[in-house]
Amino acid sequence: MLEQYRTVRTPGSREVVIRKSRFIGHVMPVENEEEAVQFIDSIKKQHWHATHNCSAYMIGERDEIQRQSDDGEPSGTAGKPILEVIRSQQVKNVAIVVTRYFGGIMLGAGGLIRAYTDGAVLALTAGEVITRVLRREVFVEIEYTWLGKVENALRGRNIQTGETLFTDKVTLLCLPRNNEGDAFIAWITDLTEGQSLVTEGRRLYYSEGE
């Protein structure tokens, strides 16, 4: 698993008019090719009367899946520029569709490339590019007498935390970065003088600052 990667937070869309043609950039975070295809099909159904719905997507830890479609525009003037935006912005697990409503003025190959590039950039802006960080769930069970000291120490080290469970003891969900997990466990064990019960959970991606 990657220690971190860039993607978009939410679906989004944004529009620009270029020489009377409307270009609408749509973006969706996706986990697999099936989701990407479903998203593209949904945009085509929504904008069935558009002149073109050009698309691209890139999926996988090593960008194993890369697809593009000019959807009737001259070859290389639409799908490829959209895919190049995804690459240049270093985002992954995203699908982009740029819808065009022709306004009556021909743009030429260079104009189309610039227009679809702009549409893809607008789409990413609408979806909000974020960094997803791989974190390790570490559950720390302590007596109530340790709670204040441990919470202060966690804040001092800027360790992200999740839900705290209060029973006969306190269980803190700590979320260190995955590559810092072993060092964190050693640190928390030392901090609590070996009086904490530390167990590991899953490895999950969280948005940076989440």
Side-chain angles (χ1 to χ4, degrees), residues 1-134 205-210:
M1 300 176 74
L2 296 173
E3 292 297 332
Q4 65 181 46
Y5 67 93
R6 283 160 53 89
T7 188
V8 292
R9 185 186 299 277
T10 62
S13 64
R14 196 161 290 180
E15 178 178 336
V16 64
V17 176
I18 300 174
R19 300 189 70 185
K20 297 186 178 181
S21 282
R22 291 174 60 207
F23 290 87
I24 310 169
H26 316 266
V27 70
M28 170 73 79
V30 294
E31 294 297 325
N32 51 58
E33 191 164 19
E34 182 181 1
E35 289 183 4
V37 171
Q38 288 176 349
F39 169 64
I40 293 168
D41 287 344
S42 71
I43 296 299
K44 287 183 175 180
K45 289 178 182 178
Q46 180 183 350
H47 294 277
W48 60 270
H49 53 309
T51 315
H52 305 280
N53 286 289
C54 306
S55 60
Y57 53 88
M58 190 155 68
I59 302 166
E61 286 190 11
R62 296 174 180 80
D63 306 326
E64 298 92 336
I65 302 173
Q66 300 184 29
R67 303 283 187 270
Q68 63 185 52
S69 170
D70 293 313
D71 194 38
E73 291 282 29
S75 179
T77 63
K80 183 177 180 180
I82 297 170
L83 187 60
E84 284 301 318
V85 169
I86 296 173
R87 288 177 181 149
S88 67
Q89 294 296 314
Q90 297 181 323
V91 293
K92 61 178 75 257
N93 293 358
V94 296
I96 294 177
V97 180
V98 179
T99 299
R100 182 190 185 189
Y101 287 88
F102 182 56
I105 299 176
M106 303 294 288
L107 299 182
L112 286 174
I113 291 171
R114 288 189 294 273
Y116 281 102
T117 297
D118 290 347
V121 170
L122 286 174
L124 289 179
T125 301
E128 187 184 351
V129 175
I130 58 171
T131 299
R132 301 279 284 172
V133 178
L134 184 62
Y205 285 106
Y206 288 81
S207 299
E208 195 169 51
E210 186 177 49

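Just so it is clear, the model here is predicted, and its values are computed rather than measured. Because only heavy atoms are used, hydrogens play no part in the values below, and waters and symmetry mates are left out as well, while side chains stay in.
Shown here is Glu34, whose CD atom has no more than 12 heavy atoms of other residues, nucleotides or ligands within 6.0 Å. For Met106, the CE atom is loosely surrounded, since the number of other residues' heavy atoms within 6.0 Å does not exceed 12. Residue Arg6 places its CZ atom among more than 12 non-hydrogen atoms of other residues, nucleotides or ligands, all under 6.0 Å distant.
Within the 3.5 Å criterion, the main-chain N or O of Gly76 finds a donor-acceptor partner in the side chain of Asp70. Put simply, the side chain of Asn93 gets close to the backbone of Gly60: a donor and an acceptor are under 3.5 Å apart. For Lys92 (side chain) and Glu61 (main-chain N/O), a donor-acceptor pair under 3.5 Å exists by modelled atom type. Ser55 contributes no side-chain N or O that, together with a main-chain N or O of Ile40, makes up a donor-acceptor pair within less than 3.5 Å. In terms of modelled atom types and a separation under 3.5 Å, the side chain of Ser69 and the main chain of Gly79 share no donor-acceptor contact.
Across every non-hydrogen atom of Leu2 and Tyr205, the tightest pair is O-OH, 2.7 Å. Shortest non-hydrogen contact noted between Glu35 and Val30 is OE1-CA, 3.4 Å. Considering every non-hydrogen atom in both Ala115 and Phe23, the closest pair reads CB-CZ, 3.6 Å. The minimum heavy-atom distance linking Ala123 with Gly25 is given by the pair CB-C, 3.6 Å. Looking at every heavy atom in both residues, Val98 comes nearest to Ile96 through CG2-CG2, 4.1 Å. Here the closest non-hydrogen pair linking Arg67 and Leu83 is O-CD1, 4.3 Å.
Once rounded to the nearest 0.5 Å, the distance linking NZ of Lys44 with SG of Cys54 reads 9.0 Å. Interatomic distance, CG of Asn53 versus CZ of Arg100, reported as 12.0 Å (0.5 Å rounding). To the nearest 0.5 Å, atom CG of residue Leu134 and atom CD of residue Glu3 are 5.5 Å apart. The line from CG of Leu122 to OG of Ser13 is 10.0 Å long, rounded to the nearest 0.5 Å. The line from OG1 of Thr77 to CD1 of Ile82 is 9.5 Å long, rounded to the nearest 0.5 Å. Taking OH from Tyr116 and CD1 from Ile18, the interatomic distance works out to 9.5 Å, rounded to the nearest 0.5 Å.
Ring to ring, His49 and Tyr101 are close: their centroids are under 6.0 angstrom apart.
Side-chain contact between Glu33 and Tyr57: present, with at least one pair of heavy atoms (C-beta onward) separated by less than 4.5 Å. Using a 4.5 Å heavy-atom threshold, the side chains of His26 and Thr99 count as touching. Considering only heavy atoms from C-beta on, Val8 stays 4.5 Å or farther from Val91 through its side chain.
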**OP:** Show your reasoning for whether side chain to side chain contact (heavy atoms under 4.5 Å, CB included) applies to Val129 and Thr7.
**Re:** CA-CA 6 Å; Val129 175; Thr7 188; over 6 Å; no

